[in-house]
Structures are given as structure tokens and as C-alpha cells.
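Following: one structure in C-alpha cells, then a few remarks.
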Amino acid sequence: MDRTRMVDEIGDRLRQVFEASPAKDVEKNVRAVLANVFSRLDLVTREEFDVQREVLLRTRERLAELEQKIAVMERRDANG
């Protein structure tokens, strides 16, 4: 039996043992508890975070532009 086949067979057997063991139920229960905890938190997805980050960056850029325009207008008014 070659090495790769032996590793695959061991992996398959371990997977079968794991699926038939109480550990599988523990994993399911832990996942359920974590899902419940996360659902109660005010979290956003990475995609939502990235979108809001881009919006904020554009808003900051626009604010800087407007501040420059206002400064120019104020200098014009001051010089009359």
C-alpha cells in the first residue's frame, strides 16, 4: 500500500470514528451555542464592513474637498 493511500485510509477511518462518537454531538452543540451567541451580538459581515469603510473614505475625501472650497471662498470674501 502506498503512503498516500494509507494516509487517505487512516483519514477515512478517523472520520468514521469521529462521526460515530459523542464528539460529533459536542461539535454540533458548540456550533449551536456559538451561533446563538453571535446572533445576539450586534455584528456585521465582512462585506458590510468593507462597504461602509469605502463609504466613509469617500465621505472624508468629499469633506476635505468642501473644506478647501470654503477656505477659498472665505479668503475671497476677506479680500473683498
Side-chain angles (χ1 to χ4, degrees):
M1 179 181 310
D2 68 347
R3 193 175 200 170
T4 304
R5 187 170 174 216
M6 186 171 67
V7 170
D8 289 342
E9 188 174 320
I10 291 171
D12 288 341
R13 287 185 184 187
L14 286 173
R15 195 170 11 265
Q16 290 171 358
V17 168
F18 181 71
E19 288 176 358
S21 74
K24 188 67 173 175
D25 290 335
V26 170
E27 179 188 3
K28 287 179 185 177
N29 290 336
V30 168
R31 285 182 184 272
V33 167
L34 288 175
N36 188 11
V37 168
F38 288 141
S39 71
R40 292 181 189 187
L41 298 175
D42 191 18
L43 301 175
V44 296
T45 65
R46 182 65 189 189
E47 182 179 343
E48 291 170 322
F49 176 84
D50 289 342
V51 166
Q52 289 304 312
R53 183 174 174 265
E54 288 299 317
V55 169
L56 178 60
L57 289 174
R58 285 193 307 266
T59 302
R60 284 182 178 169
E61 290 171 358
R62 183 68 177 139
L63 177 61
E65 291 172 11
L66 293 173
E67 287 174 337
Q68 288 177 347
K69 287 181 180 182
I70 289 172
V72 168
M73 290 168 35
E74 287 175 342
R75 278 188 294 240
R76 278 190 214 151
D77 286 345
N79 293 333

Enumerate donor-acceptor pairs with a distance under 3.5 Å from any side-chain N or O in residues 58-74 to protein atoms, sequence neighbours excluded.
| from | atom 1 | to | atom 2 | distance (Å) |
| --- | --- | --- | --- | --- |
| Thr59 | OG1 | Val55 | O | 2.8 |
| Arg62 | NH1 | Glu65 | OE1 | 3.2 |

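Applying the salt bridge (charged side-chain N to carboxylate O under 4.0 Å, His left out) rule to pairs touching residues 34-55 yields Arg46-Asp50, sequence neighbours excluded.
Scored by the side chain to side chain donor-acceptor pair (under 3.5 Å) test, Asp77 finds no partners at all (sequence neighbours excluded).
Other cluster members for Val44: Phe49, joined by side-chain heavy-atom distances under 4.5 Å among Ile, Leu, Val, Met, Phe, Trp and Tyr.
A salt bridge is defined here as a Lys NZ or Arg NE, NH1 or NH2 lying under 4.0 Å from an Asp or Glu carboxylate O, and Glu9 with Arg5 fails to meet this definition.
In this structure a side-chain-to-backbone donor-acceptor pair under 3.5 Å is present from Asn79 to Arg75.
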